[in-house]
Amino acid sequence: MYNKNSKKAEEFINHQEILDTLEYAQKNKDNFELIEKILQKAKPTKNGNETHCEGLTYKEASVLLACEDKNVLDKIFNLAREIKEAFYGDRIVIFAPLYLSNYCVNGCVYCPYHHQNTTIPRKKLTQEEITKEVIALQDMGHKRLAIESGEDPINNPIEYILDSIKTIYSIKHKNGAIRRVNVNIAATSVENYKKLRDAEIGTYILFQETYHKESYEKLHPTGPKHNYAYHTEAMDRAMEAGIEDVGLGVLFGLERYKYEFIGLLMHAQHLEAVYGVGPHTISVPRIKNADDIDAKQFDNGIDDETFAKIVALIRISVPYTGLIVSTRESQKVREKLLELGVSQISGASRTSVGGYSEKERPSDTEQFDVSDQRTLDEVIRWLIELKKIPSFCTACYREGRTGDRFMSLCKTGLIQNCCQPNALITLKEFLMDYASEETKELGEKFIKEELEKLKNENLKKTITNNLLEIEKGNRDFRF
């Protein structure tokens, strides 16, 4: 039986409830009176300086996903843009993944790191090699990383992950510093999550891959990841351990996208119901080719238009979440998704172990093909040209605005009072320390334009003073 307050995987992600919801959505996909009520419910409303947005249940959102009417699709896209603007404005947070090790004991059939793959070179970074990788990332301008590792209790124990986090935070190179380390590692115990919390990680990220239990077990035939319940309940253990920010995601293409969409929203609503804090981020990767993986072997792939609709509906349904799209997607796809709700992107990513310290992009240990291979400078210039504010901000984490404290600001739209200034300040740092002359010239002009838009004169004065201090060589101002 479905129960969003349960901590049992098969109750808060209930198969029969998903099937019933799919049937309900199909029956009501042309019920335009109902659809209009759902769209009206999702609209943001103003109350003084605050903006509120109720979001949608998985059942309501599924009706919109099932509807194929072009006019409704236009309304969905317009509403997603409105909500994105209300809560996140034009800022886009930038990060990079850092792959520590591709040793793995699991048999996941969609991932080239699977244990049976004998063609991929296995590699694990030493702490000295991690230092080289981090310096290379700092020299690009990155401030925020998501560390990745295969699951292997011998080669990649929790102690190795903790030592790696300590190393990353310790490296100060020129004006560079990694100010936030997010962690994407396999489901683990409450005890280990407490260790990650004490290591001062940012967000704990774990993709479900698929919420369809039968498919999940077939896709993970061997290894500890085969245990559907243990994997699906990982976020509960993380939050019980005191990790306040968690990130969800599914790998679109493994199962039917409408099923996955419902499961993802069920998971978000479960976390909100039990812990009062929904997912800090939601990622939307699509399956890609890799070493011995042919994406065409999986017959649930989705086209770009369907993908855009899913992203827009996630933004509408979970308005407060940070919505992430990686370099798996092309520049063209990412540009469209930026308008429909995406608020975080990776830039200049290398998905191979030790890839950043190599002059040429290595491909022999990549976890997936990277579609957007532009440099970070090119990505920043592209965002500026789109009138988006590239943000390297990590202020909320370091100021203690995490978990329910972050959500209370985000759900009222007041977070923009911090995010907008911090985005401009960290962009200025990038322009001073890392940008090409072309990007710097565009960026300086863009910052002036954004400052002129600010109505709060005291805020504008403070930001201007901080920008002048950055020009003098001072760093790390934050609101």
Side-chain angles (χ1 to χ4, degrees), residues 13 15 18-19 21-23 25-26 29 56 58-70 72-77 79-81 84 108-111 207-216 218-219 247-268 279 281-290 293-318 321 323-346 367-372:
I13 307 290
H15 177 66
I18 294 178
L19 295 182
T21 300
L22 288 169
E23 183 179 355
Q26 187 64 24
K29 69 184 182 70
L56 296 177
Y58 59 85
K59 185 168 287 190
E60 292 166 335
S62 293
V63 172
L64 298 183
L65 185 60
C67 180
E68 297 173 355
D69 183 81
K70 178 65 170 60
V72 172
L73 181 62
D74 289 342
K75 290 181 179 180
I76 288 170
F77 283 175
L79 181 54
R81 292 186 187 99
K84 165 65 165 51
C108 314
V109 303
Y110 53 84
C111 176
F207 297 166
Q208 180 63 26
E209 321 300 4
T210 176
Y211 284 100
H212 192 288
K213 183 174 185 289
E214 183 179 348
S215 295
Y216 179 96
K218 289 179 180 177
L219 291 163
L248 304 180
V250 294
L251 184 54
F252 284 101
L254 298 180
E255 228 333 307
R256 294 162 295 166
Y257 72 88
K258 291 179 181 178
Y259 190 103
E260 303 290 32
F261 178 77
I262 297 169
L264 185 62
L265 295 189
M266 276 184 166
H267 205 163
T281 59
I282 292 178
S283 299
V284 287
R286 288 192 287 183
I287 192 165
K288 297 290 181 180
N289 292 329
I293 305 298
D294 180 2
K296 293 179 181 177
Q297 293 179 342
F298 300 88
D299 57 5
N300 288 300
I302 52 176
D303 58 38
D304 291 348
E305 191 68 19
T306 302
F307 188 43
K309 188 177 182 181
I310 290 170
V311 169
L313 284 172
I314 293 173
R315 170 54 65 216
I316 292 169
S317 303
V318 198
T321 198
L323 195 45
I324 299 175
V325 65
S326 76
T327 52
R328 285 175 182 261
E329 300 299 335
S330 68
Q331 175 182 341
K332 180 181 178 181
V333 170
R334 300 215 298 172
E335 190 163 317
K336 180 168 186 175
L337 299 184
L338 288 176
E339 299 297 327
L340 299 177
V342 164
S343 57
Q344 297 188 26
I345 63 170
S346 51
Q367 191 189 31
F368 57 85
D369 287 350
V370 174
S371 297
D372 187 346

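This structure is a prediction, so every number in the text was calculated from the model and none was measured. All residue numbers in this chain count up from 1 along the given sequence.
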**Report entry** 4.5 Å side-chain heavy-atom contact, H267 and I13
**Finding:** yes

Query - 4.5 Å side-chain heavy-atom contact, V109 and F298 - result: yes

Query raised in the report: Do side-chain atoms of S326 reach the backbone of R328 as a donor and acceptor pair under 3.5 angstrom?
Result: yes

**Report entry** Minimum heavy-atom distance between L323 and G341, given as atom pair plus value
**Finding:** CB-O, 3.5 Å

**Report entry** L219 and T210, any side-chain heavy atoms less than 4.5 Å apart
**Finding:** yes

Query raised in the report: Are any of the side-chain heavy atoms of L340 and R315 separated by less than 4.5 Å?
Result: no

Query raised in the report: Are any of the side-chain heavy atoms of D304 and R286 separated by less than 4.5 Å?
Result: yes

Query - Nearest-0.5 Å distance that lies between atom CD1 in I324 and atom OG1 in T281 - result: 4.0 Å

Query raised in the report: Quick one: do E305 and K336 make a salt bridge, cutoff under 4.0 Å?
Result: yes

Query raised in the report: Got a salt bridge between K75 and D69, using NZ or NE/NH1/NH2 to carboxylate O under 4.0 Å?
Result: no

**Report entry** For the student: nearest non-hydrogen atoms of I302 and F307, plus distance
**Finding:** CD1-CD1, 3.8 Å

Query raised in the report: What is the minimum heavy-atom distance between Q208 and Y216, and which atoms define it?
Result: O-CE1, 3.6 Å

Atom pairs and distances, side-chain donor-acceptor, residues 252-259, under 3.5 Å, sequence neighbours left out:
residue	atom	partner	partner atom	Å
E255	OE2	S215	OG	2.5
Y259	OH	H15	ND1	2.7

Query raised in the report: Just how far is it from atom CG of L313 to atom CD1 of I76, taken to the nearest 0.5 Å?
Result: 4.5 Å

Requested in this report: Please report the closest heavy-atom contact between F261 and S317, naming both atoms and the distance.
Outcome: CZ-OG, 4.5 Å

Query raised in the report: Which atom pair, heavy atoms only, marks the closest approach of V318 to A268?
Result: CG2-CB, 4.5 Å

Query raised in the report: Between L56 and L265, does a side chain to side chain contact (heavy atoms under 4.5 Å, CB included) hold up when you go through it step by step?
Result: CA-CA 9 Å; L56 296 177; L265 295 189; over 6 Å; no

Report task. Rounded to the nearest 0.5 Å, what's the gap from CD on E329 to CD on E335? Could you check? Result -> 13.5 Å

Report task. Find the distance between CD (E209) and SG (C111) and round it off to the nearest 0.5 Å. Result -> 8.0 Å

Requested in this report: Please identify each residue that fulfils salt bridge (charged side-chain N to carboxylate O under 4.0 Å, His left out) with K84, with sequence neighbours left out.
Outcome: none

Query - Passing candidate, side-chain hydrogen bond (donor to acceptor under 3.5 Å, both in side chains) with D372, options K332, Q331, R334 - result: R334

Report task. Flag the pair V250 / Y211 as yes when at least one side-chain heavy-atom distance between them is below 4.5 Å, and no otherwise. Result -> yes

Requested in this report: Look only at the side chain of T321 and the backbone of P279, and say whether a donor-acceptor pair between them is shorter than 3.5 Å.
Outcome: yes

Query raised in the report: If you round to the nearest 0.5 Å, how far is CZ of R81 from CG of L338?
Result: 11.5 Å

Query - S371 to S330 - nearest heavy-atom pair and separation - result: CB-N, 3.7 Å

Query raised in the report: Looking only at atom types and distance, does a side-chain atom of K309 sit under 3.5 Å from a main-chain N or O of L65, one as donor and one as acceptor?
Result: yes

Query raised in the report: Any donor and acceptor pair, going by atom type alone, linking the side chain of S346 with main-chain N or O of T327 inside 3.5 Å?
Result: yes

